[in-house]
Amino acid sequence: MASEARSGLEERVAGALREAVREAYGLELNGVHVERPNEAVHGDFATNVALANARVFRRSPREVARNIVASLEAPFLESVEVAGPGFINFRLSSRALGEELEALLAAGEMYGRREASGEPVLLEYVSVNPTGPMTVAHGRHAAYGDSLVRIMGAAGRRVGGEYYFNDGGNQIRLLGESVAARYAKLFDREWPVSDPEALYRGEYIREIAEDLKDRDVDRYLNAAPGEALPEIMAFATAWCMDDIEATLARARVRFDGYFNEKSLYESGAIEEVVEELKESGHAYESEGALWLASSKFGDDKDRVLVKKDGSYTYVAPDIAYHRDKWSRGYETVVDVWGADHAGYGPRLQAGLVALGLPEDFLDVELVRLVKLVRGGEQVKVSKRAGNFVTFDELLDEVGEDAARYFYVRSSHRTEMNFDLAVAVQQSDENPVYYVQYAHARIASIFRRADLDPETTKEVPPGDFAPEERALLLELFDFPRVVKGAAARREVHPLPTYLETLATRFHRFYTVHQVLVEDEGLRQRRLALCAATKNVLRIGLGLLGVNAPERM
RNA sequence: GCGCCCGUAGCUCAGCAGGACAGAGCAGCGGACUUCUAAUCCGCGGGUCGCAGGUUCGAAUCCUGCCGGGCGCGCCA
């Protein structure tokens, strides 16, 4: 059962307010809503309808507010008052708060979660080329994408995550040559390469070469390079894919599917879309290449689909790939890309529209770059040069929880300065521990009481202290936060929320003893703790972070 | 030059379907553990919300211009 089976307090207040406006003025107003005031003295919820509509009624805002209040009927409110320039402040009754708390506990792990409905959405993210290990920059994509899938799923979207392995382009050939050269070197032999300068140099190239030698010994040395290279490429690519998948698994990043670019070549899907574009007149030959008339569809200029040498540019397989997504039944797909691909969107979009797909089929979320800094100085990172820091190394240093939390704490739309020195040193100060600690503290209370928070469901009637009220209202805000984050495709509202929630709890904990003699009071506070623990666990879970029982 | 994004406290960042005195963490200073975990809590100091206009009863939030920074503008991916 989803929590929305019973409407949230916010909606109840807003509903009563709408009713009062209708009663007082005999009309419907748009955008009548309530919000949480910053200050507790301004009540639990507040509205600015009177301020916003005073002009319509040609009366002062305060007068309008008083008029609306006079028509308001809401037994779940303890008090309603007109304040300031014309705000209406609402204060909920303890009884209403208690009922809502019971609803939260009844919903359990489903709290804030909506039943899946609507059109399926496919989110593609990470999609790191299998030419080396994941770097700390890729980690941000992984943390963002995986959390977003979880959040959208919780908000009721039918969403799946997919990883696109670019195992078809010429970077794979380059990887193959890099490994082959290294492999030959293990036997003190030379391997003819097209461009020695362009080879990948990372330490992992040596590892792959050694693994290749372990498996096949000197088999490739005397084979014609034309025969051996494809096999080495396949080996190296598979090696990298395994490595990437292992890192992702470790970081608790899950995908519903992996898609290989190579399959598009093998199935003829690329040829097919290229032919189709030609036939529809959206692709033309010029200067020995085949061009996509993308400028007709909003791109700055036309783009090459098939190069002079007959091979495809990146766009062609990508169009085929996205058309495949379409034919799988998705009506919306979201691609998570690095900011350095910003200019690429219009091109792909143009190709898809040229094929007759709707313009709103593809949505792109750009994740801003991660600038690597060491001791305040920027580090130039290049996978090819091999001087990068891997995601695995970061996980070794700070742990999965701290790493994932750190990545999604700030908006994916802002640049991130990643100072390795600080990241490690800060792992102790990472706010994730602040949030986790609240969870562990609650677990400790239940251990002491020898009770199971999962079976704590009842809320005896009684009043709530200010710290309890603040905590409750924060708890009840959770579904709205999840919904809003999903709608805006943002992850960082969750950490922000969780830290506020943890603050509310720590404050409550400092002021009030939970395990007191008075049975009603004790039970109410235990219920509050159980609810907090529940929301913390769900919230951390949406970020792929553990909620520890002890710390 | 054109396009997209960013500019909030010493640092890292929230807040931006306009609202009541601009928030948090870290860093600095000072307090609180015989009581459910002090990885906590309380207090103090610290801000022309890049700048200038505009819309509005009201702007960090919306609009315009400018300044500063990032990214992109390949028959690379």
Side-chain angles (χ1 to χ4, degrees), chain A residues 31 33 35 37-39 41-42 46-48 51-52 54-55 60-61 83-87 89 127 129 131 166 168-172 174 198 261 286-291 299-301 303-315 317-318 338-347 364 366 368-369 371 376 406 409-411 413-419 422 425-426 428-438 440-449 484 487-488 492-493 495-497 499-500 502-503 505-516 522 525-526 529 550-551:
Chain A
H33 67 280
E35 54 191 24
N38 295 324
E39 302 286 324
V41 294
H42 294 138
T47 182
N48 66 350
L51 283 161
R55 174 173 276 193
S60 80
F87 291 101
N89 295 337
S127 296
N129 291 348
T131 55
N166 292 125
N170 65 32
Q171 77 279 2
I172 297 297
L174 208 54
E261 182 188 8
S286 173
E287 301 165 53
L290 186 73
W291 295 71
D299 198 4
D300 297 339
K301 47 183 119 168
R303 311 286 178 174
V304 171
L305 278 174
V306 184
K307 303 182 223 170
K308 258 186 222 161
D309 67 6
S311 64
Y312 297 114
T313 61
Y314 184 68
V315 206
D318 228 12
D340 53 339
H341 286 58
Y344 185 73
R347 187 176 325 185
V364 176
L366 294 178
R368 294 292 142 184
L369 300 182
K371 268 201 282 186
F406 181 80
R409 203 171 171 250
S410 52
S411 165
R413 281 183 254 269
T414 51
E415 258 182 42
M416 172 178 261
N417 289 311
F418 204 114
D419 194 319
V422 176
Q425 159 200 334
Q426 259 191 355
D428 286 346
E429 296 151 6
N430 191 312
V432 74
Y433 299 115
Y434 181 81
V435 177
Q436 288 181 319
Y437 185 54
R441 267 185 152 177
I442 297 170
S444 168
I445 294 170
F446 280 95
R447 273 198 301 276
R448 174 66 64 104
R488 293 192 300 270
H492 74 277
T496 303
Y497 169 79
E499 284 167 44
T500 306
T503 296
F505 173 76
H506 286 309
R507 242 176 234 171
F508 155 78
Y509 180 94
T510 305
V511 178
H512 301 287
Q513 180 81 13
V514 175
L515 303 177
V516 292
R522 172 189 170 104
R525 289 188 176 156
L526 278 168
C529 285
R550 300 169 196 273
M551 285 176 73

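Every chain is numbered from 1, with letters handed out A, B, ... down the list of sequences. Hydrogens, waters and symmetry mates are skipped; everything else that's a heavy atom, side chains included, is used.
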Enter syn or anti for the glycosidic conformation of B:A39, syn applying to angles within 90° of 0.
anti
Judged by whether its glycosidic angle lies within 90° of 0, B:C71 is anti
Can you tell me the Watson-Crick or wobble partner of [N], both distances under 3.5 angstrom?
N: B:U40; value: B:A32
N: B:C2; value: B:G72
N: B:C62; value: B:G54
N: B:C21; value: none
N: B:C16; value: none
N: B:G46; value: none
N: B:C26; value: B:G10

Are A:Leu51 and A:Phe87 close enough that some pair of their side-chain heavy atoms sits under 4.5 Å apart?
yes
Student check: side-chain heavy atoms of A:Val435 and A:Glu499 closer than 4.5 Å:
yes
Whole-angstrom distance between [N] and [M], as gauged at atom [atom1]:
N: B:U12; M: B:U8; atom1: C1'; result: 12 Å
N: B:A60; M: B:U48; atom1: C1'; result: 13 Å
N: B:G45; M: B:A59; atom1: P; result: 27 Å
N: B:C13; M: B:U56; atom1: C1'; result: 30 Å
N: B:G54; M: B:A24; atom1: P; result: 33 Å
N: B:G69; M: B:G31; atom1: P; result: 45 Å
N: B:G19; M: B:G58; atom1: C1'; result: 6 Å
N: B:C63; M: B:G25; atom1: P; result: 32 Å

May I ask you to verify if any side-chain N or O of [X] is less than 4.0 angstrom from the OP1 or OP2 atom of [N]?
X: A:Arg441; N: B:A38; answer: yes
X: A:Arg507; N: B:C42; answer: yes
X: A:Tyr509; N: B:C42; answer: no
X: A:Asn38; N: B:A20; answer: yes
X: A:Lys307; N: B:G74; answer: no
X: A:His492; N: B:G15; answer: yes
X: A:Tyr437; N: B:A39; answer: yes
X: A:Thr414; N: B:A14; answer: yes
X: A:Tyr433; N: B:G25; answer: no

Does A:Arg368 form a side-chain contact (heavy atoms from CB on, under 4.5 Å) with A:Thr414? I'd like the steps, not just the answer.
CA-CA 6 Å; A:Arg368 294 292 142 184; A:Thr414 51; 5.5 Å; no
What does [X] touch in the nucleic acid at a heavy-atom separation under 4.0 angstrom: a base, only the sugar-phosphate, or nothing?
X: A:Gln436; result: nothing
X: A:Leu515; result: base
X: A:Ala449; result: nothing
X: A:Phe87; result: base
X: A:Ala438; result: nothing
X: A:Ala46; result: base
X: A:Asn89; result: base
X: A:Ala342; result: nothing
X: A:Glu39; result: base
X: A:Phe446; result: nothing
X: A:His506; result: sugar-phosphate
X: A:Thr500; result: nothing

Taking atom CG of A:Asp318 and atom OH of A:Tyr344, what is their separation to the nearest 0.5 Å?
4.0 Å
Write down the distance between [atom1] ([X]) and [atom2] ([N]), rounded to a whole number of angstrom.
X: A:His341; N: B:G74; atom1: NE2; atom2: C1'; result: 13 Å
X: A:Arg368; N: B:C71; atom1: CZ; atom2: P; result: 11 Å
X: A:Asp340; N: B:G74; atom1: CG; atom2: C1'; result: 14 Å
X: A:Phe406; N: B:C26; atom1: CZ; atom2: P; result: 15 Å
X: A:Arg409; N: B:C26; atom1: CZ; atom2: P; result: 9 Å
X: A:Glu499; N: B:U40; atom1: CD; atom2: P; result: 11 Å
X: A:Met416; N: B:C13; atom1: CE; atom2: P; result: 7 Å
X: A:Arg347; N: B:G74; atom1: CZ; atom2: P; result: 8 Å

Backbone of [Y] reached by a side-chain donor or acceptor of [X] within 3.5 Å:
X: A:Ser311; Y: A:Lys307; answer: no
X: A:His506; Y: A:Tyr434; answer: yes
X: A:Thr313; Y: A:Val306; answer: no
X: A:Gln436; Y: A:Met551; answer: no
X: A:Arg347; Y: A:Asp299; answer: no

5' priority, RNA chain B, between A:Asp309 and A:Arg448 [closest heavy atom]
A:Arg448
Can you work out whether A:Ala339 or A:Ala502 has the more 5'-proximal nearest nucleotide on RNA chain B?
A:Ala502
Charged tip of A:Arg441 within 45° of A:Phe505 ring normal and under 6.0 Å
no
Name the closest nucleotide to the [X] side chain, picking from [options].
X: A:Lys301; options: B:C36, B:G19, B:G74; result: B:G74
X: A:Asn166; options: B:C75, B:C36, B:A77; result: B:A77
X: A:Glu287; options: B:C36, B:C75, B:A14; result: B:C75

